[in-house]
> 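I'd like to ask some things about the structure below.
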Amino acid sequence: MFKHILLATDGSPACDRAAQVAAGLARTHGARLTAVYVVDPYPYLGIGQANPIGFQAYIQAAHTHAGQALSRAVEAAQAAGEAALQVETRIVEEATAAHGIAQTAQDEGADLIVMGSHGHGALRKLVLGSVTRRVLAEAVM
């Protein structure tokens, strides 16, 4: 039986489906549901002089996208069933997606992580790895 489910989202259609699955599981098990969005670290830190205006614009845009992605996940989760479902939301900064998701699961005491998969090709997964695989590696430690 699950007590707390963590839904990782990036606002994609694959994550909408994951939200529906997570909501169904939360309803079935009477579990809490928390949706998390991890803001990618600012890509230009450590490369010469950091531009504070560029950093602020990046963070503001990232938070706007995070809010939209979390709203979309909450709507998908709530639309997945007849009974009302409370969905908590979290935005994580200063972490890679995999680490932010795994750390949030640990901090929140989640016993299940639900993620959508984009279905990238085998070669790309082989070369770059996938966020899901990295979350699994960190979460089981």
Side-chain angles (χ1 to χ4, degrees), residues 1-48 50-141:
M1 175 177 244
F2 302 116
K3 294 181 182 172
H4 191 174
I5 298 170
L6 183 73
L7 167 65
T9 186
D10 63 5
S12 67
C15 291
D16 292 347
R17 178 68 185 126
Q20 295 168 352
V21 170
L25 289 167
R27 284 186 179 91
T28 298
H29 295 278
R32 289 177 46 212
L33 180 58
T34 301
V36 64
Y37 180 97
V38 180
V39 173
D40 287 327
Y42 186 62
Y44 303 109
L45 289 179
I47 302 176
N51 179 344
I53 295 172
F55 177 76
Q56 288 300 329
Y58 176 81
I59 292 299
Q60 184 176 11
H63 274 266
T64 298
H65 186 263
Q68 293 168 344
L70 288 168
S71 292
R72 186 172 167 160
V74 169
E75 289 171 13
Q78 291 174 339
E82 295 176 18
L85 181 65
Q86 180 75 21
V87 182
E88 298 174 33
T89 60
R90 303 281 183 273
I91 297 176
V92 175
E93 290 185 40
E94 300 180 16
T96 63
H99 181 71
I101 293 165
Q103 188 64 51
T104 302
Q106 181 179 355
D107 293 348
E108 294 285 329
D111 47 7
L112 178 67
I113 301 171
V114 177
M115 301 174 62
S117 175
H118 296 283
H120 295 302
L123 181 60
R124 184 169 178 192
K125 282 185 181 177
L126 192 71
V127 173
L128 299 176
S130 70
V131 172
T132 305
R133 186 175 6 176
R134 284 177 269 160
V135 168
L136 181 59
E138 285 196 42
V140 297
M141 296 176 108

> Partners of D107 by side-chain hydrogen bond (donor to acceptor under 3.5 Å, both in side chains), sequence neighbours excluded?
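For D107, the residues satisfying side-chain hydrogen bond (donor to acceptor under 3.5 Å, both in side chains) (neighbours in sequence not counted) are Q103.
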> Between I101 and V131, is there a side-chain heavy-atom distance shorter than 4.5 Å?
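Yes, their side chains come closer than 4.5 Å.
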> Taking only residues at least two apart or on different chains, which pairs with a member in residues 67-111 satisfy ring pair (Phe, Tyr, Trp, His ring centres under 6.0 Å)?
none
> Quick one: list whatever passes side chain to side chain contact (heavy atoms under 4.5 Å, CB included) with V92, sequence neighbours left out.
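Side chain to side chain contact (heavy atoms under 4.5 Å, CB included) list for V92, sorted by chain: V36, V38, A95, T104.
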> Output all residues satisfying ring-ring contact (aromatic ring centres under 6.0 Å, His included) with H63, sequence neighbours left out; order by chain, then residue number.
none
> Using every non-hydrogen atom in the two residues, find where A18 and V114 come nearest and quote the distance to one decimal.
O-CG1, 3.5 Å
> Go through the structure and list residues passing side chain to side chain contact (heavy atoms under 4.5 Å, CB included) with A66, not counting sequence neighbours.
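For A66, the residues satisfying side chain to side chain contact (heavy atoms under 4.5 Å, CB included) (neighbours in sequence not counted) are Y37, I91.
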> Of the non-hydrogen atoms in A26 and I5, which two are nearest, and what is the gap between them?
N-CD1, 3.6 Å
> Please find the pair of heavy atoms, one from I113 and one from A139, that lie closest to each other, and give the distance.
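Scanning both residues completely, I find the closest heavy atoms to be CD1-CB, 4.1 Å.
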> Output all residues satisfying side chain to side chain contact (heavy atoms under 4.5 Å, CB included) with V87, sequence neighbours left out; order by chain, then residue number.
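Applying side chain to side chain contact (heavy atoms under 4.5 Å, CB included) to V87 gives L33, A35, V74, A77, L85.
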> Could you name each residue pair satisfying side-chain hydrogen bond (donor to acceptor under 3.5 Å, both in side chains) that touches residues 66-77, not counting sequence neighbours?
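Of all non-adjacent pairs touching residues 66-77, those that pass side-chain hydrogen bond (donor to acceptor under 3.5 Å, both in side chains) are D16-R72.
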> Residues two or more places apart in sequence or in another chain: which of them pass side chain to side chain contact (heavy atoms under 4.5 Å, CB included) with R32?
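R32 satisfies side chain to side chain contact (heavy atoms under 4.5 Å, CB included) with H4, T34, E88, E108 once adjacent residues are dropped.
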> Calculate, to the nearest 0.5 Å, the distance between atoms CZ and CG belonging to R90 and L70 respectively.
10.5 Å
> Listing request: all ring pair (Phe, Tyr, Trp, His ring centres under 6.0 Å) pairs with a residue in residues 14-34, at least two apart in sequence or in separate chains.
F2-H29
> If I compare all heavy atoms of M115 with all of T132, which pair ends up nearest, and what's the gap?
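So the minimum-distance heavy-atom pair works out to CE-OG1, 3.7 Å.
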> For Q20, what residues pass the side-chain hydrogen bond (donor to acceptor under 3.5 Å, both in side chains) criterion, not counting sequence neighbours?
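Residues passing side-chain hydrogen bond (donor to acceptor under 3.5 Å, both in side chains) with Q20: R17.
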